Structure formats: C-alpha cells, structure tokens
Number of protein chains: 2
Amino acid sequence: MISRRIPEASVARLPLYLRVLVDLAEGGAQTVSSHALAEAVGVNPAKVRKDLSYLGSYGTRGVGYDVEYLVRQISRELGLSEEWATCIVGLGNLGLALAHYGGFVERGFHLAALLDDDPAKVGTTVADVEVSHVDETERLVKEHGIAIGVIAVPATAAQEVADRLCAGGVTSILNFAPAVLQVPDGVSLRKVDLAVELQILAFYEQRRAVEAAGLGGADLAGVLDPIPPP
Amino acid sequence: MISRRIPEASVARLPLYLRVLVDLAEGGAQTVSSHALAEAVGVNPAKVRKDLSYLGSYGTRGVGYDVEYLVRQISRELGLSEEWATCIVGLGNLGLALAHYGGFVERGFHLAALLDDDPAKVGTTVADVEVSHVDETERLVKEHGIAIGVIAVPATAAQEVADRLCAGGVTSILNFAPAVLQVPDGVSLRKVDLAVELQILAFYEQRRAVEAAGLGGADLAGVLDPIPPP
DNA sequence: AGCTGTGAAAAAGTTCACAGCA
DNA sequence: TGCTGTGAACTTTTTCACAGCT
C-alpha cells in the first residue's frame with residue numbers, strides 16, 4: 001500500500017482492462033482469469049497479473065478475479081469516480097467529432113466548455129454547450145475548474161492554445177494538433193497524431209514490399225539502397 | 001546495409017523528425033545538429049543520433065545532418081515516395097473529420113474509397129469521393145489495391161469491418177473503434193482510442209490530487225485505500 | 001487441480017560518455 | 001573545436017517459471 005508507483009506502460013493498459021471487465025460484468029460474469037482477460041485485451045496473461053498486482057492483490061488463487069470488484073478498483077485508480085471537467089478548443093471537423101463523441105461523456109468526463117476563434121461559431125450550440133471565443137479560455141478554465149483541455153486547432157495555433165489552457169489552470173492536455181507542445185512542469189501532455197499513425201503503417205507496408213522484392217538476397221538497388229550523400 | 005531492423009520505438013519517431021525537417025527545409029536551413037533536432041521534437045539528442053544511425057550514417061561530424069538529404073532518406077524509409085491507397089469505413093462524425101483531414105492526403109495517402117452502411121449516405125460525395133455501401137468493401141479494396149484501411153465505425157461493427165478489409169487484401173489497419181481487433185498474421189494493426197487517452201490523463205490527475213491530499217503522510221482512507229474484497 | 005502473485009531472467013529502449021572524424 | 005556514431009551502462013518493460021493459496 002505504501003508508495004504505489006504504477007509503471008506508465010501498465011497505466012496505459014488499465015482502461016483496456018476496464019472496458020473488457022465492464023462488458024463481462026454486463027454479460028453476467030462473476031469472475032475472470034488472467035488468461036481470459038489477457039485474451040480479450042490481446043496481451044500476455046503474466047502481464048495482466050503483473051499489472052493488476054500493482055493495484056494490490058485482488059485475485060483469488062485457483063479462482064481468478066472478481067469482475068465487479070476489479071471494475072471498482074480500476075475505476076477508482078483511474079479517477080473515474082470523480083467528474084473531470086474538460087473543454088475542447090477548435091471546432092473544425094475533428095473538434096466537432098470529439099464534441100459529439102459519446103465515449104467522451106460516457107465515463108466521468110464532463111464537457112464544460114467549447115472554444116473557437118471563428119466569430120461565426122461563437123454563440124452557436126454544439127452538443128448542448130454554447131461555443132465561446134478562444135479569448136475566454138483562461139476565464140472559463142478557471143470558472144469551471146476545467147482539469148483537462150483538448151486541443152483540436154491547426155498546428156500553428158496549438159502552442160498558443162496550450163499556453164492559455166495552462167494559464168487558466170488546466171493540468172492535463174490531449175493534443176490532436178501535429179505539433180510538439182511545451183507545457184509547464186506538472187502538466188500532463190498526451191498526443192494523438194493521425195498523420196504519424198499512417199506514416200508508421202506506411203513504414204511497415206514499405207518494408208513488406210521490400211522484403212518480398214528482396215527474397216533470396218536479390219539486388220535492391222533503387223528500392224532501398226541509400227543515395228550517396230551530397 | 002544488411003538486415004536493417006529498426007526498433008519499433010525508433011520507427012514511431014521518424015515521422016516526427018520528418019515533420020520538423022520539412023519545416024526546417026522550408027525555412028531554408030541547410031544542416032541541422034542532433035541537438036537542434038532533438039529540441040524541436042522534444043527528445044534527447046543521443047536518441048536522435050541513435051535513431052538516425054539505424055537508417056545509415058548520414059551525418060557529418062563537426063557539422064550535423066544535411067536537411068534535404070535526411071528528408072529524402074526518411075521519406076523513402078517511411079515509404080512516402082509511393083502513393084498508398086487508403087479507405088475509410090464509417091462516416092459518422094469521426095469518419096467525416098478524417099475524410100476531410102488535410103494531413104491525410106498531404107503525404108502520399110490517397111483516399112480511394114469511402115464506405116458506410118447507411119443507405120442515406122451511400123451515393124453522396126464526401127471529399128470528392130463517392131460513398132459506397134460497406135458490402136462493397138472487399139470488391140473496392142481489391143479493385144483499387146487499397147493497402148491501408150481506416151476503421152471509424154462503432155465498436156460492435158469493428159471486427160466485421162476488419163474481417164472484410166483483410167478479406168479484400170488490406171495489409172494495414174488503423175482502428176479508431178474502441179475494440180480489440182483480431183487480424184491475420186502479416187496485417188499491421190494500430191489503434192487510436194480517444195476514451196483511453198482521456199482515462200490515462202485522468203489517472204495522473206487523480207494521482208496529483210491524492211499526492212496533494214497526502215502530503216506528509218496524512219491518512220488517505222476513503223481516497224485511495226482499497227475497499228475490502230467481497 | 002487451478003490460478004494468482006512475484007522474484008528472476010530476458011528483451012527492449014534510453015542515456016551516457018567518449019573515440020574519431022571534419 | 002564541434003558534432004556524429006556507437007559500445008556500454010542503465011532503466012523500463014515483458015516474459016518466464018514456480019511457490020503458495022484455495
């Protein structure tokens with residue numbers, strides 16, 4: 001119980017376990033083994049046990065884990081017992097999609113404000129929330145006690161928006177803009193970058209193509225050999 | 001040059017380097033040091049050098065890396081010299097946002113098909129592409145030689161869509177549905193899960209709150225102590 | 001017998017620190 | 001002098017393997 005440091009990699013898997021466990025609970029399951037849980041999440045059973053052991057020893061040897069109990073423990077650990085106030089800055093296609101995303105509000109995330117710099121959007125209502133001008137960011141973050149800010153603006157505006165969110169007192173940022181952001185110590189920053197994900201997939205596509213072409217050690221000139229440097 | 005295995009973690013950073021390098025090139029920079037590049041991407045300079053060394057030895061000691069040359073090398077490594085045909089399945093808010101996303105088409109990704117199961121959407125045109133019925137998935141993937149499929153349907157439909165994409169011959173999938181997918185060997189799968197990202201942020205929010213409350217070893221009962229198991 | 005919890009081993013990833021070249 | 005390239009140390013993460021409880 002003292003000084004529980006849960007490794008980052010484990011933290012990132014807790015939401016996945018939780019989702020499966022909720023489904024299992026709804027399906028009426030009482031207990032689940034690390035093996036079954038691992039299968040459902042697509043990981044190794046030993047990893048499941050290690051991850052869950054960081055939360056404490058909640059399983060029963062010979063039986064497995066109590067589903068309902070585990071749901072409660074993980075929810076609490078993830079802070080999902082509380083309601084986190086969030087805001088979305090930037091209501092382009094992506095921002096709108098996020099605002100309407102059900103899973104957003106589903107578990108403890110409350111959309112407290114929407115912000116955009118387009119006067120045509122300010123004052124309209126999206127997902128039952130009135131859109132405010134981005135200049136109001138600091139004020140609204142303070143007033144609503146917003147903890148998590150979501151950035152869905154173009155890359156060029158992202159740092160300014162981040163600065164404003166932090167100035168207002170946000171302590172977590174989820175950034176969808178393709179930009180590297182600087183935030184003060186003590187602010188958590190996560191990034192989702194669609195173009196990067198596609199490029200990673202392209203890398204492995206490319207490699208398969210090269211490997212197929214290169215079977216048996218054929219000459220790959222023009223396919224992967226480096227061009228001599230300038 | 002023989003058997004170049006680039007670690008996954010490095011591959012995931014190549015697109016970030018590329019983005020910065022393209023900006024630098026547009027800004028007229030001739031060369032860049034590992035230090036400057038590291039700063040711009042937000043990583044350690046040694047990591048930059050290690051990562052780039054996997055591509056070959058493209059730097060010049062005492063000088064740095066030739067920006068243009070590095071852009072070419074990384075682009076080639078990421079398979080961005082080719083045009084990858086992609087499709088998006090599911091044209092809800094997120095699917096539409098993805099279809100309109102500029103960065104999508106920007107670098108070598110060509111939107112060859114859009115699919116949805118809603119008869120009202122089939123036949124309409126989105127982002128200059130006519131929407132087809134999801135039953136056409138296999139056929140369209142084959143016909144257009146689509147390599148990468150993007151899944152933006154609800155979780156319940158995601159596995160079926162994945163199966164169809166794979167049946168058609170897709171070799172990479174980017175999944176936005178909150179579901180764990182099963183794909184055949186040889187198909188790359190990446191996942192973007194908005195709810196998970198928020199929950200990870202909530203975990204660290206929660207922990208900060210607990211740490212603040214627990215300064216000096218105060219009693220945390222009711223905040224983090226476990227409820228006794230059933 | 002079945003399944004958890006966990007030390008210990010293995011693997012992957014990061015950072016250091018410095019030789020070596022421009 | 002300045003900066004790359006890289007072996008080696010270190011850290012984190014994953015996996016194994018088995019003792020220990022039910």
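When reading the values below, keep in mind they use all heavy atoms of this one structure, side chains included, and skip hydrogens, waters and symmetry mates. The model shown is predicted, which means the values in this text are computed figures rather than measured ones.
The side chain of A/N44 contributes an N or O atom lying less than 4.0 Å from OP1 or OP2 of D/dC16.
Crowding of A/Q182 atom CD: a count of heavy atoms from other residues, nucleotides or ligands under 6.0 Å not exceeding 12.
Taking atom CG on A/L37 and atom C1' on C/dC3, their separation rounds to 13 Å, with Å as the unit. Rounded to an integer number of Å, the gap from CD of B/Q30 to P of D/dC3 is 17 Å.
Exactly one of A/Y69, A/Y17, A/Y65 qualifies for a ring-ring contact (aromatic ring centres under 6.0 Å, His included) with A/Y58. That residue is A/Y69.
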Protein-to-nucleotide contact annotation, 5' to 3' order, nucleotides 4-13 of chain C [B base; S sugar-phosphate only; - none; under 4.0 Å, heavy atom]: BBBBB----S
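Here the closest non-hydrogen pair linking B/A38 and B/N44 is CB-C, 3.8 Å.
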Identify all side-chain donor-acceptor contacts of residues 183-195 of chain A below 3.5 Å with residues at least two apart in sequence or on another chain.
unit_1, atom_1, unit_2, atom_2, d
A/S188, OG, B/R208, NH1, 3.1
A/S188, OG, B/R208, NH2, 3.3
A/R190, NE, B/E197, OE1, 2.5
A/R190, NH2, B/E197, OE1, 3.2
A/D193, OD1, A/A195, N, 3.2
A/D193, OD1, A/V196, N, 3.2
A/D193, OD1, B/R19, NH2, 3.2
A/D193, OD2, B/R19, NH1, 2.7
A/D193, OD2, B/R19, NH2, 3.1

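Interatomic distance, CD of A/E82 versus CD of B/E205, reported as 9.0 Å (0.5 Å rounding).
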